[in-house]
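One structure is given below, encoded as structure tokens.
Side chains included, hydrogens not; waters and symmetry mates left out as well; all remaining heavy atoms used. One is the number of the first residue; the rest follow in order along the sequence. When a ligand or atom number is given, it counts from 1 through the structure's own listing order.
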Amino acid sequence: MNFHVLTLFPEMIEQGLGTSITGRAMQKGLVGLYAVNIRDYAANKHKKVDDYTYGGGAGMLMQAQPVYDACMAVQSGLDKPARVVYMTPQGTVFTQEKAKELAGEEDLIILCGHYEGIDERVLEEVVTDEISIGDYVLTGGELPAMVVIDTISRLIPGVLGNGVSADTDSFMNGLLEYPQYSRPEVWRDKPVPAILLSGDHAKVDRWRKEQSLKRTRERRPDLYEKYMQEHPDAEKYIK
Ligand code: ADE
């Protein structure tokens with residue numbers, strides 16, 4: 001899968017995603033990351049990409065022309081038109097569900113705003129999806145873009161190490177993940193739950209399911225309600 005990020009700060013994207021698991025995914029060729037500098041598409045000799053807002057008010061706005069040209073340059077290099085995701089606090093809130101949906105795309109163009117935003121006319125012209133990463137405001141769309149790219153990348157087969165799968169993650173099945181334990185068996189007088197040492201896989205699975213449900217009910221009652229409506233039979237796991 002290829003991510004094409006339209007940004008004024010390409011080095012931020014490259015450095016932020018170039019290490020660890022996402023960096024390895026790129027080296028292995030499982031993920032392509034292309035940071036496109038919007039400033040390279042400024043049509044004026046000063047390479048200016050922002051201007052004052054009509055109607056007044058504080059702050060500068062990213063102008064339509066360089067954003068449009070940068071986007072069209074990327075689209076023209078693709079076999080079929082890609083979805084264009086604009087990172088904005090006004091978008092629909094990003095979820096694991098949305099990540100799964102976008103992981104099915106071959107190419108994704110992600111547009112990062114800065115300053116006070118982007119001229120509405122180019123957004124109307126090129127954007128297919130608007131995504132927020134939560135109800136708070138960042139200085140630009142780069143960190144949100146990295147959040148989205150990281151989340152999608154780890155769903156691509158082969159990105160997580162040998163045999164490790166994203167299937168048991170929190171949210172993948174609509175529930176939070178169960179607690180996990182490693183060695184030693186007792187730490188600061190706290191033993192690992194005995195059932196995990198029993199070797200009885202069916203019992204372990206059942207215990208984990210119960211823990212998942214209890215945890216979700218306690219910490220995210222909204223998710224729990226939704227899950228129980230869709231899986232009424234899950235009642236049997238929880239005493
Ligand atoms: N840009 C600024 N704040 C943002 C947010 N919360 N989500 C996505 N893009 C943003």
Quick check for students: name every N or O atom pair between ligand 1 and the protein closer than 3.5 Å, with distances.
unit_1	atom_1	unit_2	atom_2	d
ligand 1	3 (N)	Leu138	N	3.0
ligand 1	6 (N)	Gly134	O	3.2
ligand 1	6 (N)	Tyr136	O	2.7
ligand 1	7 (N)	Ile133	N	3.0
ligand 1	9 (N)	Thr88	N	3.1

By salt bridge (charged side-chain N to carboxylate O under 4.0 Å, His left out), which residues pair with Arg154, not counting sequence neighbours?
Asp169

Electrostatic pair Glu97-Lys100, nearest N-O below 4.0 angstrom
yes

What residues form a salt bridge (charged side-chain N to carboxylate O under 4.0 Å, His left out) with Asp135, not counting sequence neighbours?
none

With sequence neighbours left out, write down each residue that passes salt bridge (charged side-chain N to carboxylate O under 4.0 Å, His left out) with Glu185, or none if nothing qualifies.
none

Is Arg83 paired with Asp107 through a side-chain N to carboxylate O contact shorter than 4.0 Å?
no

Ion pair present between Glu225 and Arg220, side-chain N to carboxylate O less than 4.0 angstrom?
no

